[in-house]
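Proteins get letters first, then strands, A, B, ... in listed order; numbering begins at 1 in each.
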Protein chains: 2
Amino acid sequence: MNRERILSTARALFAEKGFDGFSMRELAQQVGMSPSSVYNHFAGKEALYLAVMEAVAQQIRAEVYQRIEANTPEEALHELVARKAVFMGDHPDMARLVQWVLLDTSERTRTIMQSVWRPEIEWVLDRMRQLVPDEHALILTHHLFGLLLHEFSGRFAFSALPEAAQVSYESDAVSARVWSTVICRIRELSQ
Amino acid sequence: MNRERILSTARALFAEKGFDGFSMRELAQQVGMSPSSVYNHFAGKEALYLAVMEAVAQQIRAEVYQRIEANTPEEALHELVARKAVFMGDHPDMARLVQWVLLDTSERTRTIMQSVWRPEIEWVLDRMRQLVPDEHALILTHHLFGLLLHEFSGRFAFSALPEAAQVSYESDAVSARVWSTVICRIRELSQ
DNA sequence: GTCTATACCAGGATAGAC
DNA sequence: GTCTATCCTGGTATAGAC
């Protein structure tokens with residue numbers, strides 16, 4: 001359906017250039033229709049943005065969080081990191097989309113954080129609280145998301161540095177190093 | 001001087017809204033002059049952007065990296081994290097400016113990474129290499145920067161979540177938790 | 001150095017025919 | 001649902017007077 005093509009093109013553009021980085025005209029051209037046809041499917045750029053974010057979150061819920069089976073909170077978080085690494089490796093635009101939201105200071109961001117990303121954060125937080133004292137759980141949750149996001153969203157910029165060529169971006173490698181850093185601190189705090 | 005006023009206003013705008021998020025008209029209005037007067041000082045928006053980044057990097061070199069005295073690489077990195085936390089606390093736009101650069105995929109970013117941020121990364125990397133095996137040094141360096149950046153640049157977005165109210169954003173607290181996470185992994189790897 | 005005025009094009013969005 | 005044509009605003013940038 002055309003609506004889906006608009007959504008997926010918009011997703012790529014929002015990820016690459018951010019909300020203000022491209023025009024509805026550019027989007028329409030890439031989709032292969034006139035700008036006004038786009039407006040027939042979405043009320044405007046903002047509505048399109050929210051729709052993209054909602055679709056992305058739904059995909060994550062289905063492909064990442066669904067059916068995580070684990071005997072302990074630690075296993076659950078470990079599995080989550082592994083799946084996220086795979087998912088973000090398969091969808092390189094994901095981390096960038098989220099980072100744009102985090103940087104955006106408009107009202108859009110509040111909406112998206114509360115209604116779209118909140119469940120994810122709660123999911124991690126719940127498990128983290130079972131592993132470390134309450135006052136550290138939120139920080140470690142932030143660190144977990146921060147490291148994962150940074151690994152992926154900073155990739156383009158860091159590729160400008162010669163040293164970066166040595167780093168492996170295989171999902172397994174990313175997952176392993178992020179988890180190593182986080183679990184090390186978790187263990188320290190849970191003693 | 002007027003040039004300085006333009007620079008500092010531009011810095012605030014780039015930090016808050018990103019490269020595409022505001023217009024030269026808006027900037028000129030905030031500075032209190034006409035748009036064409038701004039063009040008399042800077043060749044264009046891009047030149048202004050590069051000038052802001054250069055000024056910021058210079059400030060960091062002077063206020064953060066200068067005169068770090070430490071007996072060991074570990075002490076040096078610890079001191080760096082502490083100073084960065086203070087600096088970023090005093091200049092809330094810093095982390096956001098850097099994040100915009102990291103997200104930007106235009107040629108500007110390559111220029112800035114190589115000529116502006118490279119020395120900083122080298123500085124950390126040198127010390128990290130003395131603490132952990134070479135193959136982990138670059139990753140830990142990225143994690144260190146990633147955690148610091150995330151702590152500050154994600155602050156607005158996370159403030160939309162009710163849990164965030166419990167988190168302290170005192171420089172000491174930020175510094176302590178970032179360092180805790182990083183040093184824990186460093187110690188594990190250096191054994 | 002700063003201004004007014006303006007060029008020129010691109011921005012989001014809409015009207016109305018088909 | 002899609003198009004052409006268009007509205008209006010605002011984008012970067014420049015010319016030329018003071």
Problem - B:Tyr39, nearest nucleotide to its side chain (from D:dT12, D:dT2, C:dG12) - result: D:dT12
Exercise for the section: Would you mind reading off the distance between B:Phe22 atom CZ and D:dG10 atom C1', rounded to a whole angstrom? Expected result: 15 Å
Handout entry: Side chain of A:Met24 (C-beta onward), nearest among C:dC3, D:dT2, C:dG12
Key = C:dG12
Exercise for the section: Answer yes or no: does a side-chain N or O of A:Ser37 lie under 4.0 Å from OP1 or OP2 of D:dT2? Expected result: no
Handout entry: Donor + acceptor pair across side chains of A:Gln99, A:His150 (<3.5 Å)
Key = no
Practice task
Measure up the A:Tyr49 and A:Phe14 rings against each other and bin them: parallel (under 30°), tilted (30 to 60°), perpendicular (over 60°).
Solution key: perpendicular
Exercise for the section: Could you tell me the separation between the CD atom of A:Glu26 and the P atom of C:dC9, rounded to a whole number of Å? Expected result: 18 Å
Practice task
Go through D:dT12, C:dT2, D:dT2 for me and flag the one nearest to the B:Asn2 side chain.
Solution key: C:dT2
Problem - Gap between atoms CG and P, on B:Leu27 and D:dT12 respectively (whole Å) - result: 9 Å
Exercise for the section: Would you mind reading off the distance between B:Tyr49 atom OH and D:dT12 atom P, rounded to a whole angstrom? Expected result: 15 Å
Problem - Salt-bridge present (B:Glu163, A:Arg118; N to O < 4.0 Å) - result: yes
Exercise for the section: Give the rounded distance in Å between these two atoms: CG of A:Asp20 and C1' of D:dT12. Expected result: 16 Å
Practice task
Report the residue (A:Ala43 or B:His41) whose heavy-atom-nearest nucleotide on DNA chain C is the more 5′ of the two.
Solution key: B:His41
Practice task
Take the protein atom CZ of A:Phe19 and the nucleotide atom P of C:dG12, then report the distance between them rounded to whole Å.
Solution key: 8 Å
Handout entry: Over 12 foreign heavy atoms within 6.0 Å of CD, A:Gln130
Key = yes
Problem - D:dG10 base / B:Arg25 side chain donor-acceptor hit below 3.5 Å - result: no
Exercise for the section: Name the nucleic acid region contacted by B:Ser23, choosing base, sugar-phosphate or nothing; use a 4.0 angstrom heavy-atom cut-off, strictly under. Expected result: sugar-phosphate
Practice task
Would you state whether a donor and an acceptor, one from the side chain of B:Ser36 and one from the base of C:dT2, lie under 3.5 Å apart?
Solution key: no
Practice task
Please determine if B:Glu79 and B:Arg127 form a salt bridge, counting it only when a charged side-chain N lies under 4.0 Å from a carboxylate O.
Solution key: no
Practice task
Answer with base, sugar-phosphate or nothing: what part of the nucleic acid does A:Phe42 contact at a heavy-atom distance below 4.0 Å?
Solution key: nothing
Practice task
Could you tell me the separation between the CG atom of B:Asn40 and the P atom of D:dT12, rounded to a whole number of Å?
Solution key: 17 Å
Problem - Nearest-neighbour nucleotide for the B:Met33 side chain, C:dT2, D:dA13, D:dT2 considered - result: C:dT2
Fill in the blank from the handout: Whole-Å distance, A:Gln29 CD to D:dC3 C1', equals 16 Å
